[in-house]
Every structure is written in structure tokens, then in C-alpha cells.
Protein chains: 2
Amino acid sequence: MPESHTQPARFPVTVDVVALTVRNDALHVLLITRLIEPFRGMLALPGGFVLAGEDLATAASRELAEETGVGRVPGHLEQLASYGPKGRDPRGDVLTVAHLLLAPDFPVLSAGSDAEHVAWYPVSHVLDGELQLAFDHERIFADALERARSKLEYSPLGAAFCGEEFTIAQLRAVYEAVWGTRLDPRNFHRKATGTPGFLEETGRTTAGDAGRPAALFRLAREARMSIGQPARAVLNPPLMRPRE
Amino acid sequence: MPESHTQPARFPVTVDVVALTVRNDALHVLLITRLIEPFRGMLALPGGFVLAGEDLATAASRELAEETGVGRVPGHLEQLASYGPKGRDPRGDVLTVAHLLLAPDFPVLSAGSDAEHVAWYPVSHVLDGELQLAFDHERIFADALERARSKLEYSPLGAAFCGEEFTIAQLRAVYEAVWGTRLDPRNFHRKATGTPGFLEETGRTTAGDAGRPAALFRLAREARMSIGQPARAVLNPPLMRPRE
DNA sequence: GGGATTTATCGTCATCTTGACAATAAATCC
DNA sequence: GGATTTATTGTCAAGATGACGATAAATCCC
């Protein structure tokens, strides 16, 4: 971090969060409706300024909590990438550090501190252009989606979309929603249960649904530990891979 | 990017670069010796402040060029992650966006604009604690190394360490240096030449070295295109994987 | 000059993984 | 109480991988 001879500039820094969840078998992203200029009335990623004395992860979860009205945001939050500062905000150079949240479906309260409307939207509507995002958020969203898709291959993070306990079928639904593919239930079952250190049987089963009851699993200790660690394929061979 | 009610803070933003290369079969990292406080006399990653109106990638390659005295820095530069701004610089909150450079061995001129001493150091000396780095640069370095290692598995980026043309053995030496493993030459050859869209024969061969002359290859067009794109294992099945 | 040495390249084979899909198990639905 | 639905276990062929033998084509060394 050597000094340049030129005057160092100071930039406003924001965090933006691409929060993803799976709702009735479709991937959804959390978006707010902007109430102020610029891009007033448009959809955007939740986020906001990093405050003095605050860290990036802190700022991201604080903003997320504020804007969703949720006490503690569930799921797995990780940094995605930084964008800018040049030419991405009409008001001036702003650096943003984008984050990715993979979370179980949780209800959002539209009474955030900024009184912006917050809601889950199907990612398909963003991808096909039906929904347009402010700033460079469409690019950030695309990068986040790509990251989420590749994360599922080599990390146990698919389970971040599920609750504490889940069935193999629920887990498979996550993979199918994120990847947009169909997976063979039998091969998926073999791989999920056959991967050492991934799943742990709870001993309990579902009841009340149609069909044979399914065994309930939770993430094994090893898998919980490995979350947050960077995943090398060698150490964590592919958990699963999309077809086609 | 909605506004928070609190006063948005402005931060100095720096870029730091973890530049890696392979020199006589060992992985090396580019480090500078700091001539000013804080951490005067210590080793650190090259980098510097992002200037007004500048983008992150621009700032990173500018700083790298300035500090190495090289006109155009060779190799592949990509963003790694951001750190801070809290408590990583004794002078105050500074956000840094770390970058990763994978480059063929190139000579560095120690007459950079900041007159800091720049040189390649074996990464092993950093890993075993023989060399200590200023700020949080050791953590950034560790993250960069991990990223580089995983990049080799699913992208053609190993070739970024080689020149325009290279032999399979040179490419293998890269993988061995980065992963710190030994790879079977025969299986490596099979995999490297057998992966569609990876290598392209130039038709020419080496001469003068000991042993049978080796065929010279270059990256295939598809592989060059895919650099910079995020790599999904499915789309790009593992090029290679470490043993053990 | 010519065998020893070195490095590159091609093959072989057993093992593991994967994809396709049959068959059985255990619940609900009607 | 059988039809239906979903979960789970197996089977099998094809492809990928790791270990390693054998050959090719240079230089090295005396």
C-alpha cells in the first residue's frame, strides 16, 4: 500500500447484496423499489453506504437487516466482487462491494428504514428483461448468479437455501432451481448421501406429505466447517453437477 | 444503492496486487520493500491509491507498471477481493481491493516511481514465515494463493504463467509449482492434449535442450476466449487436478 | 562414433465415477 | 384396498483417472 505521488482520492463506498432464495421451486432475488432519484421507481439491489468504523460484511448484513425489517438475516453471506468507482452512479464516483446471500425463504417486511418496498422476484424475470435494474445492478446480479451456480458444484452451500433439516428432494429442488436443470432423483440421492462429510442423517423422517416419507438430513459438521473456506475441487470433489 | 440515514463516509481506496510467477520451477510473488512509515523496511504487496476518475483494474495495472518499471505488465490480471476498511491501516480506515496477477517471469526494475525496492520472492518463504508482510497482506496473499490454485483446476489460466508458446512439460511445471505436487508426466500429457479447446499445436518443436524435442503448443482460441469468464466446472471440466 | 542418459510421447489396464434406468418400499389418495 | 405418488436401493455400460510399461528422439560423455 505505497503512496502514489498523486493526491489520493476518497470515495463513498456502498455494499450491495444479491440475496437469493428458492421459493416454490423457482430461484428468487430480493429487490427494492427506489423511492428517490436517481433511478426513482426502478428496482435495485438492496444495499447502502458503508459507515465509518464499519467492515464490509458488517455493513452488508446491517443494510440487509434494515431494509428487510428482519432481525437477523438467515443464510450464508459472502463477498462477491467490487465494482467502480468510475461511472456507475450519475451522482459521482461510488465504489460498491457486492455481496451474495444464499438463504432459505424468509418473509420480508416492507417497512425498512428507507421505506422502500422490498420483495422477492423470480430471477427469470430479471434474466429475460421483464424486470430492469438500476445502476449496474444487472451486471452484478449476473455475476452473483454465476457465482451461486458454481458454488453449488464444489461446496455444501446448496444447503444454505434449506432450513436446518431437509430432505434429499428439497435439496435437489435447490440445485434444480439454481441451475435451471432437471436432475435424476436416484443419481442425486446416491451422490448426496454418498459424499463423505456432506450430509448427516437426523434419524427423523417427514410425515403427512404424499408418497413415501423421506429421511431428514442436516449438514455434517465437516460441511458446516468448510463453509466460508474457499473450496478446492480436489479437497471437495464436485458435490453435484448440472446435466447437459 | 439506497441512502442510509447516517452520514455516508468517504474512504481512501487502494489496490493491492498479488503478482505470481514461476521461476525455475518455484512459485514466486512480487513484493516491495516499504521506504516509508508505517511498516517502514517491511515487505508488502505492490499497490497504491485509486485516483479520481479511475477504475479498479486500471488502477491495479497502473500501480503495477509504475512500481515494476515495466511498460505493459504481461499476464492475466483479475480482481481477488476487497478488505477493510476497518482497522487494517494504522493511519485510518482504508479499503483495499486486492488483485491477482498470473504472469510469465518478467524482469522488474527497482526504480519505480516510489523508489521502493521491488523483487520476486519464493512464496515458500512467505508461507513458512521467513518473510513477513506489512498490513494484512499476509492474509491477502494467502487468499490469492488459494485462488490461483483453484483457478488452475477449471480454467486454462495455467498458461498465463507461460509465454505465447510452451511445451507440455513447461505447463506441467507451472501446475507442479502452484500446487506444490508432483504430476505424472504421461497422465498430464494425456489430459492436457486430450482436453478439447485447451491447447493448439503450433507445429514447431523445441531444440537444443536435453532429451527428445518437445512439441510447442499455444492456447486454443476457445481457451483464450474463456479467460476472464467465470469458469463453471460443468462447462469446463477440470483441466487438471493435484494428486493426493 | 556410439552407447548411456534424458526427456517426450504413446499404450495398457484396473479402478472409480457417472448417467440411464429397472425395481422395490412406504406412505397418501380416492 | 387398490391406484398413485414419492423415496430409496440396485444394476450396468461408458467414460475418466491413476499407476506404470514401452518406445521415440534428442543430447551427453568418453
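What you see is a predicted model, and the numbers here were worked out from it, not measured in a lab. Below, chains carry the letters A, B, ... as their sequence lines are ordered, and counting in each starts from 1.
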Rounded to the nearest angstrom, tell me the gap between atom [atom1] in [X] and atom [atom2] in [N].
X      : N      : atom1 : atom2 : result
A:L183 : C:dG19 : CG    : P     : 9 Å
B:I168 : C:dC10 : CD1   : C1'   : 13 Å
B:R172 : C:dT9  : CZ    : P     : 10 Å
B:F188 : C:dC10 : CZ    : C1'   : 17 Å
A:N187 : D:dT11 : CG    : P     : 15 Å

More than 12 heavy atoms from other groups under 6.0 Å of [atom1] on [X]:
X      : atom1 : answer
A:R139 : CZ    : no
B:R204 : CZ    : no
B:E222 : CD    : yes

Using every non-hydrogen atom in the two residues, find where [X] and [Y] come nearest and quote the distance to one decimal.
X      : Y      : result
A:G75  : A:L101 : C-CD1, 4.2 Å
A:K151 : A:L157 : CD-CD1, 3.5 Å
B:S61  : B:V73  : O-CG2, 4.5 Å

Distance-only donor-acceptor check, side chains [X] and [Y], under 3.5 Å:
X      : Y      : result
B:D143 : B:Y83  : yes
A:D105 : A:T21  : no
B:T206 : B:T167 : no

| Starting at the 5' end of DNA chain C and moving along, which residue's nearest nucleotide shows up first, B:T167 or B:R190? |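 Looking at DNA chain C, the more 5' nearest nucleotide goes with B:T167.
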Relative to the ring of B:Y154, is the ring of A:Y154 parallel (under 30°), tilted (30 to 60°) or perpendicular (over 60°)?
tilted
In terms of relative ring orientation, are B:F135 and B:H137 parallel, tilted or perpendicular, with 30° and 60° separating the classes?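 It falls in the tilted class, 30° to 60°.
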Anything under 3.5 Å between a protein N or O and an N or O of nucleotides 14-17 of chain C, put it in a table, one pair a line.
none

The correct set of residues in residues 199-215 of chain A placing a heavy atom under 4.0 Å from DNA chain C is A:D209, A:A210, A:G211, A:R212, A:P213
| query | Checking only heavy atoms, does the side chain of A:R186 share a donor-acceptor pair with the base of C:dA22 at less than 3.5 Å? | reply |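 By the distance-only test, yes, there is a pair.
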- Would you say A:H189 reaches D:dT8's phosphate, i.e. side-chain N/O to OP1/OP2 under 4.0 Å?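 Indeed, a polar side-chain atom of A:H189 lies that close.
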For DNA chain C, the expected dot-bracket line (Watson-Crick or G-U under 3.5 Å, [ ] crossing, | inter-strand) is ||||||||||||||||||||||||||||||
